[in-house]
Amino acid sequence: MSQLPKSTDENLLVGTKTNDDAAIYKINDEIGIVLTVDFFPPIVDDPFTYGEISAANSLSDVYAMGGTPIVALNIVGFPDNLDLSILGEILKGGASKAAEAGIVIAGGHTVADNEPKYGLSVTGTLPLGSQITNAGAKPGDCLILTKPIGTGVITTAGKQGVVNTSVMGEAINVMTSLNKAAAEAMVEVGVNSCSDVTGFGLLGHLLEMTEGSRVSATINRAEVPVIDGTLDLISEGIAPGGTLRNLEAIEPHVSWSKNISQNDRVLLADAQTSGGLLISVSEPNTKRLLNVLEDKGIDNAAVIGTIKEYNRAENSINVY
Ligand code: CO
Ligand code: CO
Ligand code: CO
C-alpha cells in the first residue's frame, strides 16, 4: 500500500495509515460503516468446518473495532475439477456463522483457482466516536486475551497428520467461535484499545498496538491461555513458516526473561486463525470486563499483561 499514490477522503476515519483491523467510513454525523475482507485456503479437511472458520475469522475484524456486522459477501476460489458439493459445504459453513452473527450473506463472486479459497467481505456499522482502534492503549491498562493460542501450530500438525483428534477438536472449537460476545462485552464496559489476534500472532498484534499507541507492554507468559497439546507439538519441531517469520520480525522489539524458552517464543509468535480479542482496558474496568465476559460464556479470557509508559531505551515488549 505504501507504493500507492496518497489519496485522501475526509470521511475515511480509519484507513491504511494505521494497522487497524478494518476501515471506518463516516456516512453521516452519527454512523460509520466498518469494512473488511479476509480469505484463505483450507486449514482443515472438512469443508463445512473450513467455511465456518473462515467466516468467523472475517467477521472478527468488525468485532475488533467494536462494530456490529450487518451484511457480507462471499469471496471464493474453486478448482474446476473438484466436486461442486464441496463448495456447497464450504458456503453452508460460512452461512451458518453469518446466521449466528445475525447477518445475511447477500451474494459474492467465484473464480476458478487451483486451490480453494474462501472468505467474506463484511460490512458493519458503529456509532461514531465509539470505534475501538489498536492505537488507544494507555499506560496502566491491563491486557486481556479472550481465546487460547496455538491454532497455527495445531493446524500445521493436522496437515502433517500428526495431531490427535482431541487437540484438533479444541483448536476447531476455538477457531469457529465468534468474537461477537467478547466484542459486546468490551463495548458494554468501555475499553481503550483492541485488535483480534490472527496472522501476526499474539506478540505481532501486540506490537502493532504498542507502536500505534506509543506505549510499551509487559506479558506474563504463565498467564497466556494456550490450547492443550500445543507446546508438545512445538517441542516436536512443528511450527508454520508464518510463525517463524513472525518471531524473526518481532525479536528486535522484545526482551525475554531467562525463563522464557525458545518453544515459548515460538508459541507467542504463532500465527493464529480466527484468534481472540486482545483488549487493553483501564485497571478499574478490568474486573468488570472479566465478569461480563464470563457472564457471556467466555471462560478462557485472562489478564496476560499490562501497558507501560513508552521508554525509548527499552524494547516495546517485555516477556517474563
Ligand atoms: Co484483525
Ligand atoms: Co483481517
Ligand atoms: Co461478480
Side-chain angles (χ1 to χ4, degrees), residues 1 12-25 32-40 43 52-69 72-73 75 94 97-98 101 103 117-126 131-137 143-152 155 174-187 191-213 217 240 242-243 245-246 249-250 268-280 298 301 304:
M1 293 294 289
L12 183 63
L13 304 183
V14 176
T16 56
K17 281 184 197 140
T18 55
N19 296 313
D20 264 296
D21 294 298
I24 298 180
Y25 194 87
I33 52 173
V34 188
L35 302 139
T36 182
V37 56
D38 249 306
F39 61 104
F40 47 76
I43 56 166
E52 286 185 299
I53 292 169
S54 193
N57 182 75
S58 297
L59 286 156
S60 184
D61 279 331
V62 175
Y63 292 131
M65 306 294 293
T68 304
L73 299 168
I75 298 153
K97 282 294 143 183
I103 69 166
K117 298 190 182 67
Y118 175 63
L120 296 177
S121 161
V122 186
T123 301
T125 58
L126 47 69
Q131 61 267 32
I132 301 164
T133 71
N134 64 11
L143 286 166
I144 291 180
L145 179 64
T146 65
K147 287 185 186 180
I149 59 172
T151 58
T155 53
V174 167
M175 292 186 290
T176 55
S177 298
L178 291 182
N179 281 322
K180 181 175 192 277
E184 286 167 357
M186 75 172 179
V187 169
V191 307
N192 289 331
S193 195
C194 177
S195 177
D196 61 337
V197 177
T198 51
F200 296 140
L202 174 61
L203 293 186
H205 289 280
L206 176 60
L207 186 64
E208 287 187 337
M209 185 182 284
T210 58
E211 289 185 341
S213 310
T243 294
R245 285 191 293 278
N246 285 343
I250 56 164
L268 295 173
D270 187 35
Q272 303 299 284
T273 298
S274 191
L277 300 184
L278 174 65
I279 303 169
S280 188
I298 296 156
I304 63 166

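Just follow the structure's listing: the first ligand is 1, and inside any ligand the first atom is 1.
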Open item on the list: I want to check something: taking the side chain as every heavy atom from C-beta on, are Y25 and L35 in contact at a cut-off of under 4.5 Å?
Closed with: yes

- [ ] Please find the N/O/S atom of D196 nearest to the Co ion (ligand 1) and write down its name.
- [x] OD1

Open item on the list: Only N/O/S atoms count here: what is the atom of D61 closest to the Co ion (ligand 1) called?
Closed with: OD1

Open item on the list: My understanding is that only residues two or more places apart in sequence, or in another chain, count here; which of them pass side-chain contact (heavy atoms from CB on, under 4.5 Å) with T18?
Closed with: V14, D20

TODO: State whether D21 contributes an N/O/S atom found under 2.8 Å from the Co ion (ligand 1).
DONE: yes

Open item on the list: For the OG1 atom of T68 and the CG atom of L59, what is their distance to the nearest 0.5 Å?
Closed with: 11.5 Å

TODO: Please identify each residue that fulfils side-chain contact (heavy atoms from CB on, under 4.5 Å) with I75, with sequence neighbours left out.
DONE: V37, F39, S121

